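In this text the structure is predicted, and so the values were computed from the model without any measurement.
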Amino acid sequence: MRVCFRSSVQPGLIEEYKRRHAAVWPEMLRALKDAGWTNYSLFLGGDGLLVGYVECDDFDAVRARMALTEVNARWQAEMATLFNNPDQAPDEGFQVLEEVFNLDDQLAAAESTAS
């Protein structure tokens with residue numbers, strides 16, 4: 001499945017957010033991969049809007065697998081102060097967006113009905 005989500009980084013802390021993500025801890029990278037996060041990207045706007053995209057088998061399941069790791073707890077604690085709601089772990093504040101269009105899906109559907 002494809003998942004897109006949004007969150008918000010405090011505008012005054014955008015450069016710090018970028019700095020931390022330029023060198024994510026290797027054990028955090030491995031934990032994400034092992035938990036099933038694939039093709040994972042984050043996009044950050046100048047106003048602090050953070051948009052994430054990930055492909056996974058089940059978003060709730062991959063998040064639950066990450067929640068079991070010690071490295072994720074440390075990472076979330078480190079990152080929490082950069083977000084608009086520092087009392088909540090950043091990965092708990094993701095707002096999942098509804099996918100309303102996918103080019104590949106629609107092309108496949110159009111090609112199957114044209115046959």
Quiz item: Is a side-chain N or O of Q10 found less than 3.5 angstrom from the main chain of N85, in a donor-acceptor match?
Solution: no
Quiz item: Heavy atoms, side chains only, cut-off 4.5 Å: are W25 and E78 in contact?
Solution: yes
Quiz item: Taking atom CG of L82 and atom OG of S8, what is their separation to the nearest 0.5 Å?
Solution: 12.5 Å
Self-check item: Sidechain N-carboxylate O distance under 4.0 Å for E16, R19
Solution: yes
Quiz item: Y40 and L29: same hydrophobic cluster, using ILVMFWY side-chain contacts below 4.5 Å?
Solution: yes
Practice problem: Indicate yes or no: does E70 engage R74 in a salt bridge with an N to O separation below 4.0 Å. | Solution: yes
Exercise. Hey, could you give me each pair passing ring pair (Phe, Tyr, Trp, His ring centres under 6.0 Å) that has a residue in residues 84-111? Not counting sequence neighbours.
Key: F5-F94
Return all side-chain donor-acceptor pairs below 3.5 angstrom for residues 45-59, not counting sequence neighbours, or 'none' if the list is empty.
residue	atom	partner	partner atom	Å
D47	OD1	L49	N	3.0
Y53	OH	E55	OE2	2.6
E55	OE2	N39	ND2	3.1
D57	OD1	R65	NH2	3.2
D57	OD2	R65	NH2	3.4
D58	OD1	D60	N	3.1
D58	OD1	A61	N	2.7

Quiz item: Is there side-chain contact between M28 and K33, with heavy atoms separated by less than 4.5 Å?
Solution: no
Quiz item: Would a hydrophobic clustering, with Ile, Leu, Val, Met, Phe, Trp and Tyr connected at side-chain separations under 4.5 Å, put V24 with M66?
Solution: yes
Quiz item: If we ignore angles and hydrogens, is there a donor and acceptor under 3.5 Å between the side chains of N72 and Q76?
Solution: yes
Quiz item: Taking only residues two or more places apart in sequence or in another chain, which ones pass ring-ring contact (aromatic ring centres under 6.0 Å, His included) with F83?
Solution: Y17
Exercise. Measure the spacing between OG of S7 and CE of M79 and express it to the nearest 0.5 Å.
Key: 10.0 Å
Quiz item: Could R20 and E15 be called an ion pair, given the rule that one side-chain N must be under 4.0 Å from one carboxylate O?
Solution: no
Exercise. Group every Ile, Leu, Val, Met, Phe, Trp and Tyr by side-chain heavy-atom contacts under 4.5 Å, then state whether V96 and L42 land in the same group.
Key: yes
Quiz item: Any side-chain heavy atom of V62 sitting closer than 4.5 Å to one from M1?
Solution: no
Quiz item: Can you check whether W37 reaches R63 side chain to side chain, under 4.5 Å on heavy atoms?
Solution: yes
